[in-house]
Amino acid sequence: MVVDGKLRAMTEHELIAEVDAAIVDGAAFDALLTIVRRYRTAGGTQADAESALTVLMLRYRSQSHPLEDRVADLLDRVVGWCAPDLRIW
């Protein structure tokens, strides 16, 4: 997030809100990756991203949300449960 011309790390709550809104709007997976990469570039940590996405995934799971897998796939990229060249951290 840019504030007064400076890149500011979004909070975990902002990350959850932005990813959730993008998923609900039908954003492509690449758009979700861009959100998380922007979070990282702005100083967000892997642990905080993992925590935020886990909260969102569990929220979707509790609602039997059909898009839970999109969050799970994104979480895989954050924690490294994927090929090394696909990892975000």
Side-chain angles (χ1 to χ4, degrees):
M1 175 176 295
V2 177
V3 177
D4 296 327
K6 296 179 182 176
L7 195 59
R8 176 187 71 79
M10 66 177 85
T11 67
E12 287 181 62
H13 295 290
E14 290 168 333
L15 178 60
I16 290 169
E18 194 167 337
V19 171
D20 186 37
I23 288 173
V24 170
D25 288 345
F29 189 71
D30 284 343
L32 302 177
L33 288 171
T34 298
I35 293 167
V36 178
R37 287 183 179 126
R38 196 173 68 240
Y39 175 80
R40 177 184 177 212
T41 299
T45 68
Q46 180 181 16
D48 288 346
E50 179 181 358
S51 174
L53 294 173
T54 298
V55 166
L56 185 57
M57 187 178 70
L58 293 175
R59 182 186 308 160
Y60 278 15
R61 182 175 294 158
S62 72
Q63 300 169 356
S64 299
H65 200 291
L67 297 175
E68 174 192 343
D69 287 343
R70 299 206 55 210
V71 180
D73 291 342
L74 193 57
L75 191 56
D76 287 347
R77 300 280 187 101
V78 168
V79 299
W81 295 331
C82 58
D85 60 320
L86 299 177
R87 294 178 183 157
I88 295 173
W89 268 268

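Reckoned from all heavy atoms, side chains included, excluding hydrogens, waters and symmetry mates. As the structure is a computational prediction, the values presented were derived from the model and not from experiment.
The side chain to side chain contact (heavy atoms under 4.5 Å, CB included) test applied to Ala52 returns Glu12, Leu15, Ile16, not counting sequence neighbours.
The backbone N or O of Ile88 lies less than 3.5 Å from a partner atom in the side chain of Arg40, making a donor-acceptor pair. One N or O on the side chain of Thr41 and one on the backbone of Arg37 form a donor-acceptor pair closer than 3.5 Å.
Under a hydrophobic clustering in which Ile, Leu, Val, Met, Phe, Trp and Tyr are joined whenever their side-chain heavy atoms come within less than 4.5 Å, directly or via other members, Leu86 and Val79 fall into different clusters. There is a path of hydrophobic side-chain contacts, each under 4.5 Å, that joins Leu67 to Leu56.
For the residue pair Arg70 and Gly26, the shortest heavy atom distance occurs at NH1-C, 4.5 Å. For the pair Ala49 and Trp89, the tightest heavy-atom approach, listed with the atom from each and the gap, is CB-CH2, 3.7 Å.
The CE atom of Met57 lies 9.5 Å from the CD atom of Glu50; values are rounded to the nearest 0.5 Å. Between atom OH of residue Tyr60 and atom CG of residue Asp20 there is a gap of 3.5 Å, rounded to the nearest 0.5 Å. Rounding to the nearest 0.5 angstrom, the gap separating the CG atom in Asp48 from the CE atom in Met10 is 12.5 Å. Note: Glu68 CD to Ile23 CD1 = 10.5 Å, rounded to the nearest 0.5 Å. In this structure, Leu58 CG and Gln63 CD are separated by 11.0 Å, a value rounded to the nearest 0.5 Å.
Side-chain contact between Leu74 and Phe29: present, with at least one pair of heavy atoms (C-beta onward) separated by less than 4.5 Å.
Of the candidates Leu33, Leu53, Leu32, Leu33 is the only one forming a side-chain contact (heavy atoms from CB on, under 4.5 Å) with Arg77.
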